[in-house]
Each structure stands twice: as structure tokens, then as C-alpha cells.
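These numbers come from the heavy atoms of this one structure, side chains and all, not from hydrogens, waters or symmetry mates. Numbering of residues begins at 1 and proceeds along the displayed sequence.
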Amino acid sequence: MNSILIARSINYVPIMDIQKLTNTVQLNCHISDARYAGNYTLCVYLLKMREFYRWEKQHTFSAKLSKDHIGHWLTGREELWEELEDDDYHQIVVNDIEHDPFGSERINEFLISNNLIYSGGYGVKNKPHFFLAELETKKTFNGYTIYISGKEFARDLTSPPAMSHNKTIYIRRESFKRLIWERTDEWRWNKPENAMARAIRCYDFDNDLDKALTEMTNNELDAAILHEIGEIQAGEKLDGWHQMMSDITFTQAEIMARAVRDHYADTLHTLPTLIENNNQASIHFYFANLTNMRKHIFPSLMDAYNKWCNDANTSTIEKTVTAAVDHWQNVAREMLALHQQDTEHCSDTIEALVNNNHI
């Protein structure tokens with residue numbers, strides 16, 4: 001990555017060393033990847049590395065990538081990770097002041113005036129995620145602060161398009177666009193008639209790929225904000241959740257717990273709003289991206305979606321969602337109770353709980 005070009009592409013106060021800041025954030029990203037990239041299956045890993053290469057080399061989505069170039073880059077990246085795997089995360093220095101790399105709120109007090117946004121937090125399986133990007137928009141909504149970022153200057157292998165901490169929400173436009181590209185590109189392999197096909201048909205992907213990606217990204221950013229607000233609202237009602245997740249990491253119970261909380265967040269806020277707005281493209285995209293676990297434990301939701309596809313009447317989805325809010329809240333709270341009763345051995349009982357509470 002050409003840090004000099006990065007520094008020239010944005011306006012900043014001369015006292016802030018943007019090149020050094022970018023390099024430090026990217027270094028922390030490399031350290032995180034060095035420790036956690038091995039958690040992916042080989043197929044997922046290679047797909048993620050291909051798109052990471054595309055981002056780092058600034059290739060367009062439509063550009064054909066050279067397998068030889070990717071292979072050479074991949075070898076070099078893995079060698080770098082071997083060197084960094086045991087390193088500690090580096091402090092983030094802004095205006096000669098050192099900050100903990102997870103102290104996003106304090107760091108952003110210095111960066112926002114320079115149209116930059118930073119985040120350091122934890123994702124799935126407690127993997128640390130860091131990114132530095134242009135700050136595109138700052139919004140406030142019902143006590144929530146929402147940052148929407150544009151061009152990204154530093155990121156790790158997995159770049160979550162949306163993240164939240166307390167009442168701060170980070171929405172990453174570039175990562176969202178990349179996610180949508182990956183999903184639509186994957187669909188083109190076999191072109192099955194499914195929710196993704198219906199979502200894609202809402203846009204003109206055949207004639208103008210870039211415009212379609214931009215329009216779809218703009219639409220899905222709003223849906224992502226709804227989900228993150230739902231996540232925060234759910235978290236406020238589930239005291240002790242993060243500790244439980246930490247204690248059941250790398251178990252089937254963890255996957256189930258994430259699915260339960262996602263369903264709780266989405267029945268609480270995301271789906272009711274999409275239905276109220278009759279946002280058909282986002283409803284299709286929402287169901288296109290449901291994980292297998294979420295479909296497995298909430299089969300009636302997919303049934304309601306399929307009925308809506310046939311009759312265009314959202315009442316079935318609406319009734320299903322309304323009836324499910326209390327159910328998923330109760331399941332989540334029972335999980336917490338099981339964790340409190342037996343922290344070391346609660347994974348099995350949590351699995352049994354979820355298996356007995358499909359709706």
C-alpha cells in the first residue's frame with residue numbers, strides 16, 4: 001500500500017502524521033490476521049485472501065486477477081504473519097499521544113476533525129478488528145452516534161461492514177460494497193432462483209455493475225444501521241452476554257448463541273422497520289444472507305418469507321416477527337442463566353436449549 005498516496009488523498013492538519021498512523025493501524029491488522037486467519041476453512045480463507053489482495057492492490061471489482069500474482073502475494077503475506085504472530089498490538093499515536101488500540105472513542109476525538117474515523121474492537125470468536133478510513137458522515141439517532149466511513153486506508157482480512165460498541169455504530173461503506181460484490185459474484189456461479197436472485201433483480205447489474213453496486217450499497221447501509229441498533233437494544237436487555245460469549249468461544253453453543261441474539265435483534269428492530277417501509281430489495285437481501293444456523297432454528301421465518309414472495313403480502317412476515325420477539329429474548333435469557341449456573345460446562349446445556357426451542 002502506498003502510504004504517501006494515502007496521505008495526499010485526504011486533507012489533514014500537518015501536525016498529524018497520517019502515514020505513520022496508517023502504518024500502525026495496518027500493522028495491528030496484520031498481527032490480528034496472523035493469530036486468527038487459521039480459523040477459517042481453506043475455501044473461505046482463499047476467497048477472503050483473494051478479495052483482500054484486490055483491495056490492497058486497488059483493483060476494480062470487474063478486473064480479472066492473476067493467479068500467479070495472487071499466489072506470490074499470498075506467500076509473502078503468510079511469511080509476514082509468521083514474523084508478527086507473537087507481537088503485541090501497537091499503541092496508536094495521535095498528535096504525539098499514545099492510545100490503547102481499542103480506545104476508539106478517545107482516538108476519534110482527535111481524528112474526526114481531520115475527516116478520519118478509526119475503530120478497534122472484537123468480532124466473531126473474539127478476533128480483534130481494526131480499521132482506519134475517511135469519515136463520510138456522522139449522524140445521531142435516538143441517542144446513538146452513527147459513523148459512516150468511505151475509503152479505507154487500513155483494514156484486516158475480515159472487514160465487518162457494521163460494528164457497534166455501547167451506543168456508537170460504525171458503518172463501513174467500502175466494506176459493504178465489497179461484501180455485496182462478493183455475494184453477487186458468488187451467486188453468478190450457478191445463478192440459483194433464490195432470495196439473492198430476487199435482490200439482484202431490484203438493480204441493473206447486467207448493464208451497469210458499478211451503478212448497481214452503489215445503489216444496492218446505499219440501500220443496505222440503512223438496513224445495517226437498523227440491525228446494529230437492534231443489537232444494541234438487545235444487548236441492553238442481556239446483561240452478561242459478552243462474558244458468556246467469551247466463555248463458550250469455539251463451541252457449537254457460540255454459533256447458536258450468535259444466531260439467537262441476531263434473531264432477537266432483528267425481530268426487535270430490523271425486520272419491523274423493513275416491513276413498515278416496504279423495502280422489498282432489503283427484505284430479499286436480508287433473507288439472502290441468513291446463515292444456515294439462523295434458518296435452522298427459525299424455520300417459520302423462511303416459511304413466511306416464501307409466502308410473501310408468492311402473494312406480496314407482508315402480513316405473514318409481520319405476524320411471525322411479532323410473535324418471535326419474546327421467544328428469542330426468553331431463549332437468550334435462559335442461556336445467560338445456564339451460563340451463570342455452570343460457567344465451565346454450560347455449552348452442552350445451551351446447545352440442548354436452542355435445539356428444543358426452534359420455531
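For the pair Arg35 and Tyr89, the distance from NZ or CZ to the six-membered ring centre is under 6.0 Å and the angle to the ring normal is within 45 degrees.
Of all non-hydrogen atoms in Ala162 and Ile171, the two that sit nearest each other are CB-CD1, 3.7 Å. Scanning all heavy atoms of the two residues, the minimum distance from Ser282 to Ala223 falls at OG-CB, 4.1 Å. Residues Ala257 and Met245 approach most closely at CB-SD, 3.6 Å, considering heavy atoms. Across Arg172 and Pro160, no two heavy atoms sit closer than the pair CD-O, 3.1 Å. Taking both residues in full, the closest heavy atoms of Arg54 and Thr60 are given as NH1-O, 2.8 Å, listed atom of the first, atom of the second, then distance. Nearest heavy atom pair, residue Pro299 against residue Ile359, reads CD-O, 2.8 Å.
Using a 4.5 Å cut-off on side-chain heavy atoms (C-beta onward), Val93 and Thr24 make no contact. Taking the side chain as every heavy atom from C-beta outward, Asp266 and His227 approach each other to under 4.5 Å. Counting only heavy atoms from C-beta outward, the side chains of Tyr147 and Ser119 never approach each other to under 4.5 Å. Residues His69 and His59 have side chains not in contact (no heavy-atom distance under 4.5 Å, counting atoms from C-beta outward). Looking at Tyr40 and Thr158, their side chains come closer than 4.5 Å, going by heavy atoms from C-beta outward. Contact check for Asn330 versus Asn357: no side-chain heavy atoms found under the 4.5 Å cut-off. Two residues are said to be in side-chain contact when any heavy atoms from C-beta on lie closer than 4.5 Å; Leu209 and Ser62 meet this criterion. Counting only heavy atoms from C-beta outward, the side chains of Met163 and Phe131 approach each other to under 4.5 Å.
Judged by distance alone, the side chain of Asp100 and the main-chain N or O of Phe102 form a donor-acceptor pair under 3.5 Å. A donor-acceptor pair under 3.5 Å is formed between the side chain of Asn108 and the backbone N or O of Tyr118. No donor-acceptor distance shorter than 3.5 angstrom exists from the side chain of Thr322 to the backbone of Lys319, with no hydrogens or angles considered. For Arg155 (side chain) and Leu157 (main-chain N/O), a donor-acceptor pair under 3.5 Å exists by modelled atom type. The main-chain N or O of Phe130 is found under 3.5 Å from a side-chain atom of Asp156 such that the two form a donor-acceptor pair. Of the possible donor and acceptor atoms, one in the side chain of Thr267 sits under 3.5 Å from a partner among the backbone N and O of Tyr264. Remark: the backbone N or O of Ile317 is not paired with any side-chain donor or acceptor of Thr314 at under 3.5 angstrom. Side-chain atoms of Arg261 come within 3.5 Å of backbone atoms of Glu231 as a donor-acceptor pair (strictly under, hydrogens ignored).
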Can you check side chain to side chain contact (heavy atoms under 4.5 Å, CB included) on Phe153 and Glu134, steps first, answer last? CA-CA 8 Å; Phe153 306 124; Glu134 285 182 326; 3.4 Å; yes
Tell me, with the steps shown, if Tyr203 and Asn219 meet side chain to side chain donor-acceptor pair (under 3.5 Å). CA-CA 11 Å; Tyr203 308 91; Asn219 196 26; 3.1 Å; yes
Let's go through His90 and Asn28 carefully: what are the C-alpha distance in whole Å and the side-chain angles of both, what is the deciding distance for side chain to side chain donor-acceptor pair (under 3.5 Å) to 0.1 Å, and is it a yes or a no? CA-CA 6 Å; His90 294 255; Asn28 284 341; 5.0 Å; no
Please report the C-alpha distance between Ser315 and Asn313 in whole Å, then the side-chain angles of each, then the deciding distance to 0.1 Å, and finally whether the side chain to side chain donor-acceptor pair (under 3.5 Å) criterion is met. CA-CA 6 Å; Ser315 62; Asn313 187 339; 2.9 Å; yes
Do Phe298 and Thr320 pass the side chain to side chain contact (heavy atoms under 4.5 Å, CB included) test, and can you show the C-alpha distance, the side-chain angles, and the key distance before you say yes or no? CA-CA 10 Å; Phe298 197 177; Thr320 303; 3.9 Å; yes
Hey, mind stepping through Gln233 and Tyr144 against side chain to side chain contact (heavy atoms under 4.5 Å, CB included) and telling me if it holds? CA-CA 11 Å; Gln233 291 176 338; Tyr144 300 99; 3.2 Å; yes
Can Leu238 and Arg333 be said to form a side chain to side chain contact (heavy atoms under 4.5 Å, CB included), step by step? CA-CA 7 Å; Leu238 300 174; Arg333 286 179 170 172; 3.8 Å; yes
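In this structure, Ile107 is a member of the same hydrophobic cluster as Ile31, with clusters built from ILVMFWY side-chain heavy atoms closer than 4.5 Å. Under the 4.5 Å side-chain heavy-atom criterion for ILVMFWY residues, no single connected hydrophobic cluster contains both Leu47 and Trp55. Put simply, Ile148 and Phe176 are part of the same group of oily side chains (I, L, V, M, F, W, Y) that touch within less than 4.5 Å, one to the next. Linking Ile, Leu, Val, Met, Phe, Trp and Tyr residues whenever their side-chain heavy atoms come within less than 4.5 Å leaves Ile117 and Leu132 in two separate clusters. Under the 4.5 Å side-chain heavy-atom criterion for Ile, Leu, Val, Met, Phe, Trp and Tyr, Ile229 and Leu268 are members of distinct hydrophobic clusters.
How far CD1 of Ile255 is from CZ of Phe250: 11.0 Å, rounded to the nearest 0.5 Å. Note that CD1 of Ile283 and CG of Leu274 are 6.0 Å apart. Values are rounded to the nearest 0.5 Å. Taking NE2 of His99 as the reference point, atom CD1 of Ile92 lies at 9.0 Å (rounded to 0.5 Å). Atom NZ of residue Lys295 and atom NE2 of residue His263 lie 10.5 Å apart, to the nearest 0.5 angstrom. Taking CZ of Phe285 as the reference point, atom CZ of Arg198 lies at 14.5 Å (rounded to 0.5 Å). Atom CD1 of residue Ile97 and atom CD of residue Gln91 lie 12.5 Å apart, to the nearest 0.5 angstrom.
Among Glu85, Arg77, Glu83, the single residue meeting the side-chain contact (heavy atoms from CB on, under 4.5 Å) criterion with Trp81 is Arg77. Partner of Leu116 under the side-chain contact (heavy atoms from CB on, under 4.5 Å) criterion, out of Leu135, Thr22, Val94, Leu111: Leu111 alone.
Between Tyr53 and Trp73, the angle of the ring planes goes over 60°, which puts this pair in the perpendicular group of the 30/60° scheme.
Within 6.0 Å of CG in Asp239 there are 12 or fewer heavy atoms belonging to other residues, nucleotides or ligands. More than 12 heavy-atom neighbours from other residues, nucleotides or ligands sit within 6.0 angstrom of CD on Glu236. Counting heavy-atom neighbours within 6.0 Å of Glu105 CD, excluding the residue itself, gives a total of 12 or less. Open room surrounds NZ on Lys237; 12 or fewer heavy atoms of other groups in view lie less than 6.0 Å from it.
By the 4.0 Å N-to-carboxylate-O rule, Asp185 lies close enough to Arg50 to be salt-bridged with it. We find that Lys48 and Glu182 are not joined by a salt bridge, their nearest charged nitrogen and carboxylate oxygen being 4.0 Å or further apart. Between Glu174 and Lys177, no side-chain nitrogen of the basic residue sits less than 4.0 Å from a carboxylate oxygen of the acidic one, so the salt-bridge criterion is not met.
Using modelled atom types and a 3.5 Å distance limit, the side chains of Ser32 and Lys127 yield a donor-acceptor pair.
Aromatic ring centres of His242 and Tyr122 lie farther apart than the 6.0 Å criterion allows. Proximity of the aromatic rings of Trp308 and His284 is defined here by a centroid distance below 6.0 angstrom, and this criterion is met. Aromatic ring centres of Tyr170 and His165: separated by at least 6.0 Å.
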